[in-house]
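The block underneath contains the structure these notes are about, expressed in structure tokens.
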Protein chains: 2
Amino acid sequence: MPYASYASMPCALGRPAALLGERWTLLLLRQIFLGTRRFEDFQATMEISRSVLTDRLNVLLQEGVLKRVPYHEDGRTRHEYRLTEKGRDLYPVLMALRTWGEKWMAPEEEESFHLHHRDCGGGVRAKVECTDCGAELTARDVQVTARS
Amino acid sequence: MPYASYASMPCALGRPAALLGERWTLLLLRQIFLGTRRFEDFQATMEISRSVLTDRLNVLLQEGVLKRVPYHEDGRTRHEYRLTEKGRDLYPVLMALRTWGEKWMAPEEEESFHLHHRDCGGGVRAKVECTDCGAELTARDVQVTARS
DNA sequence: AGCTACAGTTCGGATTCCGAACTCAGGGGG
DNA sequence: CCCCCTGAGTTCGGAATCCGAACTGTAGCT
């Protein structure tokens, strides 16, 4: 288990990076945050093979990022994939990607969707801040200390 | 080119997700932010095969996330991989992963490193905020509007 | 000239991924 | 009751990636 072994590394950054840094997983989460919830809909909106989709959904279920919720349609019981609280907490990760994408990977064409704060209509962006003084931080403002 | 085609999708979130959502890329960036800069050091600290390491470094070079910088050691000229401004701007993405990892994937053992604000010693965390009113936002506070 | 270190490249075998077909379960219609 | 339809996977052969180990190339040092 070469790549997968990072899931157990002693690093709060390495573990999520290994989990989400698997092919399709970030795109899958993007789709989920945009409201996709059913197997067939994932398959329709992304060009992912069914077997890999099954695998990725199962990994996210096992990690507790997603949960299967039963629902009714035409009097039939099926189930859909929804974010858990742990999954919803990934929002800053996706927004950080988007903030970066808007600045550095912006194409000429239109974007497929826009985001606005419901209350005031403002834009959305991710940032890093100090938990004590509240200052916005860049990599240079942060001191890395290796474990003793 | 199935997965790679997302690199050209009209979505400021999908494009970065496809780029960084490739195996090893996030772990590679983690290592770079921790100070690793040379081919042999990447190879030593991650269990990645040399050919894939070559490939991932080249992709990040082509995307302008990394640059090759010559340096001298023992009077020899070699080069190392360093972040560009575009690359440094990925810091919030990595910090968002770490913030999430600390909350939801924390193991019993020690972490391999700690981060502190240089100026005040405080902790580091990622968050999402409104560009207008400055409020901290969750997924529920944000309205998604599809392209007209 | 030989030895060493860095930075790759090459290549055969193992994994993973893809696409299409197949399975299975629950209704609905005839 | 039997057949068809849909959603949600599972199976499987071939293609694309990845792995590990060996090989190449370059530059300096002895």
Side-chain angles (χ1 to χ4, degrees), chain A residues 1-7 9 14 17-29 31-32 35-63 66-82, chain B residues 1-7 9 14 17-29 31-32 35-63 66-82:
Chain A
M1 58 187 85
Y3 183 83
S5 69
Y6 283 85
M9 73 197 308
L19 172 63
L20 303 185
E22 199 115 32
R23 226 176 168 198
W24 294 112
T25 304
L26 282 172
L27 286 169
L28 193 49
L29 285 169
Q31 213 54 48
I32 289 168
T36 306
R37 287 170 190 168
R38 283 140 68 157
F39 191 93
E40 297 296 319
D41 293 337
F42 290 121
Q43 240 277 299
T45 52
M46 314 164 61
E47 293 175 38
I48 185 175
S49 76
R50 300 176 79 82
S51 48
V52 174
L53 176 56
T54 301
D55 177 75
R56 295 300 184 273
L57 287 171
N58 284 335
V59 169
L60 293 176
L61 283 175
Q62 271 184 300
E63 289 291 331
L66 299 181
K67 59 187 170 190
R68 290 171 111 241
V69 180
Y71 72 100
H72 285 267
E73 187 180 69
D74 315 330
R76 284 193 59 156
T77 300
R78 297 194 182 283
H79 31 268
E80 56 189 14
Y81 296 90
R82 308 202 58 155
Chain B
M1 59 187 79
Y3 184 84
S5 69
Y6 283 84
M9 73 196 309
L19 172 63
L20 303 185
E22 199 116 31
R23 227 177 167 198
W24 294 111
T25 304
L26 282 174
L27 286 170
L28 193 49
L29 285 170
Q31 213 55 48
I32 291 169
T36 306
R37 287 171 190 169
R38 283 140 69 159
F39 191 92
E40 298 294 320
D41 292 337
F42 289 122
Q43 241 277 299
T45 53
M46 314 164 61
E47 294 176 36
I48 186 177
S49 77
R50 300 176 78 84
S51 48
V52 175
L53 176 56
T54 300
D55 177 74
R56 295 301 183 272
L57 288 170
N58 284 335
V59 169
L60 293 175
L61 283 174
Q62 270 185 302
E63 289 292 331
L66 298 181
K67 60 187 169 189
R68 290 171 110 243
V69 180
Y71 72 100
H72 284 268
E73 187 181 67
D74 315 330
R76 282 193 63 152
T77 299
R78 297 193 180 283
H79 29 53
E80 56 188 14
Y81 296 91
R82 308 202 57 155

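In this structure, E47(A) places its CD atom 12 Å from P of dA20(C), rounding to the nearest Å. Rounded to a whole Å, the CG atom of L27(A) is 14 Å from the P atom of dC17(C). Atom CZ in R23(B) sits roughly 18 Å away from atom P in dA16(D) (whole-Å rounding). Per the geometry, CE belonging to M46(A) stands 14 Å off C1' belonging to dC18(C), to the nearest Å. Remark: C1' of dT26(D) and NE2 of H72(B) are 15 Å apart, rounded to the nearest angstrom. In this structure, Q43(B) places its CD atom 13 Å from P of dT9(C), rounding to the nearest Å. Look at CD on E22(A): it is 9 Å from P on dT16(C), rounded to the nearest Å. Distance E80(B) CD to dA7(C) P: 9 Å, rounded to the nearest Å.
At the phosphate of dG9(D), OP1 or OP2 sits under 4.0 Å from a side-chain N or O atom of R68(A). The phosphate of dC18(C) has OP1 or OP2 within less than 4.0 Å of a side-chain N or O from W24(A).
The side chain to side chain contact (heavy atoms under 4.5 Å, CB included) test applied to D41(A) returns T36(A), R38(A), not counting sequence neighbours.
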Atom pairs under 3.5 Å, N or O on each side, protein against nucleotides 4-6 of chain C: can you list them with distances?
residue, atom, partner, partner atom, Å
dC6(C), O4', R78(B), NH1, 3.4
dC6(C), O4', R78(B), NH2, 3.2

### Message
For a side-chain contact (heavy atoms from CB on, under 4.5 Å) check, start with the C-alpha distance between R82(A) and R37(A), then their side-chain angles and the critical distance, and finish with the verdict.
### Response
CA-CA 6 Å; R82(A) 308 202 58 155; R37(A) 287 170 190 168; 3.0 Å; yes

### Task
Report the C-alpha distance between L20(A) and L20(B) in whole Å, list the side-chain angles of each, state the deciding distance to 0.1 Å, and finish with yes or no for side-chain contact (heavy atoms from CB on, under 4.5 Å).
CA-CA 9 Å; L20(A) 303 185; L20(B) 303 185; over 6 Å; no

### Task
List the steps and the verdict of side-chain contact (heavy atoms from CB on, under 4.5 Å) for L27(B) and M9(A).
CA-CA 11 Å; L27(B) 286 170; M9(A) 73 197 308; 4.3 Å; yes

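Tested against Y81(A), the residues I32(A), V69(A), L57(A) include a single side-chain contact (heavy atoms from CB on, under 4.5 Å) partner, L57(A).
Looking at residues 50-60 of chain A, you'll see R50(A), S51(A), V52(A), R56(A) sit with a heavy atom under 4.0 Å from some atom of DNA chain C.
Between W24(A) and M46(A), the closest heavy-atom pair is CE3-CE, 3.7 Å. Annotation for I48(B) and F42(B): closest pair CG2-O, 4.5 Å, computed over non-hydrogen atoms.
Expressed to the nearest 0.5 Å, how far CD of Q43(A) lies from OG1 of T54(A) amounts to 9.0 Å.
Among the heavy atoms of the strands, none lies under 4.0 Å from F42(B).
For R50(B) (side chain) and F39(B) (main-chain N/O), no donor-acceptor pair under 3.5 Å exists by modelled atom type.
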